[in-house]
Amino acid sequence: MPEWPDLHVVRGRLEKALVGHEIALVRVGDPTVLRATRPVETFLAHQRLTGIRHRGKFLIFDLDRGRIVVNPMLAGVFEIADAESKLTRSTALSLVFDDGTDLRYRDDKRMGKVHVVDLDDDLHEVHGFGELGPDAGDFSWSEREFADRARATRRELRNLLQDQTFLAGIGNAYADEILWEAKLHPKRRVATLTDEEMSRFYRSLKEVLARGTREVEEGLPPELGTKIRDHMQVRLRKGKPCPRCGTPIVKTRHGLDDMYLCPRCQPPPKGQIR
Ligand SMILES: [Zn+2]
């Protein structure tokens with residue numbers, strides 16, 4: 001799923017390519033993911049894109065008379081294509097701008113949501129948007145404030161990282177990376193962290209997202225359309241040696257999700273099964 005670093009970079013790229021341009025043609029491929037109260041083809045046509053914003057796992061496209069709010073969920077990706085090239089079956093929406101640039105949103109799992117709303121509609125009514133915490137890659141809490149807020153939740157670390165009302169934008173991949181960096185087991189409870197561990201948790205979160213953003217910026221091709229994961233240390237690396245200690249990385253379940261960790265660097269909490 002696209003996470004904070006992915007969408008941060010995608011926003012910048014799309015802003016450069018598209019802001020100021022007018023939508024010349026709207027094509028709806030697969031309407032499953034669209035959430036709109038009116039026909040989007042006629043509503044969006046001839047609107048000018050005035051800005052693009054990023055919040056957590058959402059991108060917001062500001063137009064003359066409306067907005068498009070996209071939550072890509074598990075598999076949604078943005079692509080910049082040539083308008084002449086064929087639309088794939090999973091292309092939900094294609095916006096061809098006045099210079100011929102085609103912005104496409106593709107969603108192989110059809111789990112994402114593309115909300116098309118009026119300018120005066122309240123974005124807080126978009127599912128999940130109103131409750132978002134500060135952006136995970138760009139929040140201003142001090143280490144102390146972070147620790148206080150984290151401890152107040154009494155949650156397990158991985159659940160806390162993925163709680164969009166705490167910090168917005170972290171999903172499975174960066175949660176695994178942050179916890180590996182911090183040498184903390186995902187099921188540790190916040191309340192059990194020593195001051196030193198809490199400090200490591202905070203610094204790892206900041207560092208891993210900043211590094212991820214740099215790596216995505218470097219690796220993402222001009223046409224977008226993919227997720228950059230090569231820089232990850234444990235995610236999708238089952239059986240490969242831990243870059244720190246050489247122990248094979250373990251893949252396990254965490255609720256409905258897959259989780260990757262180093263069993264040596266990230267020992268399970270006492271009295272709990274791994
Ligand atoms: Zn290790």
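Counting convention: from 1, in listed order, for ligands and their atoms alike. Just so it is clear, the model here is predicted, and its values are computed rather than measured. The figures that follow rest on heavy atoms only: side chains count, while hydrogens, waters and symmetry mates do not.
- By the 30° and 60° cut-offs, the orientation of the rings of Phe146 relative to Phe201 is tilted.
- Surrounding NZ of Lys183 are at most 12 heavy atoms belonging to other residues, nucleotides or ligands under 6.0 Å away.
- Shown are Phe61, Phe78, Trp4; of these, the ring-ring contact (aromatic ring centres under 6.0 Å, His included) with His54 is made only by Trp4.
- Between Tyr174 and His231, the ring-plane angle classifies as tilted under the 30° and 60° cut-offs.
- Closer than 2.8 Å to the Zn ion (ligand 1) sit the protein N, O or S atoms Cys242 SG, Cys245 SG, Cys262 SG, Cys265 SG.
- Under a cut-off of 6.0 angstrom, the local environment of CZ in Arg154 is sparse, with at most 12 non-hydrogen atoms contributed by other residues, nucleotides or ligands.
- Side-chain atoms of Asp176 do not come within 3.5 Å of backbone N or O of Arg235 as any donor-acceptor pair.
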